[in-house]
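Worksheet: one structure, shown below.
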Number of protein chains: 2
Amino acid sequence: MALRHAVLAALLDGEYTGYQLAKIFDVGVSNFWYAAPQQIYTELAKLEKAGMISGRQVIQLDRPNKRVFTVAEAGLDELAAFAAAASKPLSIRDDLAVKVQAVDHLDPAPVLAQLDERAVEAAARLALFDRGMRRLRGDLDEGEFLHSSERIGPYLTYLAGCRLEREMRDWCLTTAALLRSRTASHTEESR
Amino acid sequence: MALRHAVLAALLDGEYTGYQLAKIFDVGVSNFWYAAPQQIYTELAKLEKAGMISGRQVIQLDRPNKRVFTVAEAGLDELAAFAAAASKPLSIRDDLAVKVQAVDHLDPAPVLAQLDERAVEAAARLALFDRGMRRLRGDLDEGEFLHSSERIGPYLTYLAGCRLEREMRDWCLTTAALLRSRTASHTEESR
DNA sequence: ACTATGTACTCAATTTCATGACTAGTCAAG
DNA sequence: CTTGACTAGTCATGAAATTGAGTACATAGT
């Protein structure tokens, strides 16, 4: 009972298809919720059955037809109840952090490669979020937008996403640099 | 097949009981992996059956007896294979971020309360991590420790945890302040 | 001409996770 | 002297998530 609310929150921004939602949730960190495409489709089906969203068929000529969804009243009620209830603690799971934790007992080479890769991905998402934020705020500068706009929720989560990705990128870079300098000085000593 | 590696990585630091591990994984963010106590126990049982860890009974007079576990060779091999394989992308899920995303359509009061609460929790974990890091590095300063110590993995993940918690705390505080200033100016206008 | 990529889904099987309830003894506070 | 909190677990159930495969059509590249 949690993905459901993330889907409802995403649908507040307008109509989306399952496919579009799947892409949004696959990027994951922007809205602080990751979900696989298959989860989205099953959740949409459940939500529609429960009357919390309503779907509408859109016929397309050049592409497969699609169904777009909007939040119904019952869905808003559900979201309100969710917001009022206590939050579960943030859940985070990261393979790479586990590998770094064990790195002293392991071959560091693959871990280093993955740290580099992760840093690049984090930087890419940062850029992506930046574009998303610009699109949301239009011509306004950030402070102005945040004070005057009616819809700032998604912008606020973007801000959180930026913080996270920045730190992720920097941590990966400094950690990789440190591990490299250690291996260098070890091989130095053993000569 | 992922909790298993987190458990193995944690056991590299020494012997732990399921109960102790459960507490470590309940704090969660320090090692970037959350797991419920019951998961730990089942995972330990599986790992022992697979010969990746070995348990040892410790008889206690004043408390219930306990079993402590250490990593076996097969466990190290498993960890090495895990580290060499590609990482799954970081998975993050946060109820509170979902609520903030939807906040424009909702009563902001409970969300504000939860942001405050989360900021306090993040600050508490920061302090906790700080103590943990001091314990690990002893008298050395951070740079010295990171270059000379044999075992820096847990320290590196602590550093990541600090980055995360700092940003979490600051985001919660600025977000809550912003939302409050908006409600204030709205009630102003509607007078 | 072939291959890959993108849109837009569905179905099924399995694995993992999360939840609540239970046992059982110790210790400290009210 | 009783209640609650801490240590140290086990068991069972159900919800949620992951994985893999499959369908179908279109466009764009090599």
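Numbers restart at 1 for each chain; the letters A, B, ... are given by sequence-line order, proteins then strands.
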How long is the line joining CZ of Arg4(A) and P of dA15(D), in whole Å? 12 Å
Rounded to whole Å, OH of Tyr41(B) lies from C1' of dT10(D) at a distance of 9 Å
Just verifying a value: how many Å separate Glu167(A) CD and Asp170(A) CG, rounded to the nearest 0.5 Å? 6.0 Å
Leu3(B) atom CG is separated from dT18(D) atom C1', nearest whole Å, by 15 Å
How long is the line joining CG of Asp95(A) and P of dT18(D), in whole Å? 12 Å
Tell me whether Leu173(B) is reachable from Leu96(B) by hopping between hydrophobic residues (I, L, V, M, F, W, Y) whose side-chain heavy atoms are closer than 4.5 Å. no
Could you give the distance from CE (Met52(B)) to CD (Glu73(B)), rounded to the nearest 0.5 Å? 13.0 Å
Filtered N/O pairs between nucleotides 22-25 of chain D and protein, under 3.5 Å:
none

DNA chain C contacts made by residues 47-60 of chain A, counting heavy atoms under 4.0 Å: Gln60(A)
Arg56(A)/Glu15(A) salt bridge by N-O under 4.0 Å criterion: yes
Less than 4.0 angstrom from a charged side-chain N to a carboxylate O is my criterion; do Asp130(B) and Arg135(B) meet it? no
Going by side-chain heavy atoms closer than 4.5 Å, which hydrophobic residues are tied to Val68(B), directly or by a chain of links? Val58(B)
Can you tell me the distance, in whole Å, between the CZ atom of Phe25(A) and the P atom of dA16(D)? 15 Å
Atom-to-atom span, CG of Leu44(B) to P of dA8(D) - whole angstrom: 14 Å
Other cluster members, Tyr19(B) - Ile/Leu/Val/Met/Phe/Trp/Tyr, side-chain contacts below 4.5 Å: Tyr41(B)
In whole Å, I'd like the distance from the CD1 atom of Ile40(A) to the P atom of dT18(D). 11 Å
Might you confirm whether atom CD of Gln60(A) has over 12 heavy atoms from other residues, nucleotides or ligands at distances under 6.0 Å? yes
Please assess Ser148(B) against Leu140(B) for the test side chain to side chain contact (heavy atoms under 4.5 Å, CB included), listing each intermediate value before the final yes or no. CA-CA 10 Å; Ser148(B) 64; Leu140(B) 300 168; 4.1 Å; yes
In terms of the angle between their ring planes, are Phe129(A) and Tyr158(A) parallel, tilted or perpendicular, with boundaries placed at 30° and 60°? tilted
Just to confirm, is there a sub-4.0 Å distance from OP1 or OP2 of dA16(D) to any side-chain nitrogen or oxygen of Lys46(A)? yes
Is the number of heavy atoms from other residues, nucleotides or ligands within 6.0 Å of CG (Asp139(A)) greater than 12? no
Please check if atom CZ in Arg180(B) has more than 12 non-hydrogen atoms from other residues, nucleotides or ligands closer than 6.0 Å. yes
Basic-acidic side-chain contact under 4.0 Å: Asp104(B), Arg151(A): yes
Give the angle between the helix axes at the two ends of the helix from dA1(C)-dT30(D) to dG30(C)-dC1(D), taking five base pairs at each end and rounding to 10°. 40°
Using atom CH2 of Trp33(A) as one end and atom P of dT18(D) as the other, report the distance to the nearest whole Å. 11 Å
Using a cut-off of less than 4.0 Å, is there contact between a side-chain N or O of Thr17(B) and OP1 or OP2 of dG9(D)? yes
Hydrophobic cluster membership, with links at side-chain heavy-atom distances under 4.5 Å among I/L/V/M/F/W/Y: are Trp171(B) and Leu126(A) in one? no
At under 4.0 Å between heavy atoms, which parts of nucleotides 18-23 of chain C does protein reach? Answer with one letter per nucleotide, 5' to 3': B base, S sugar-phosphate only, - none. SBB---
So, is Lys23(A) near the phosphate of dT7(C), with a side-chain N or O under 4.0 Å from OP1 or OP2? yes
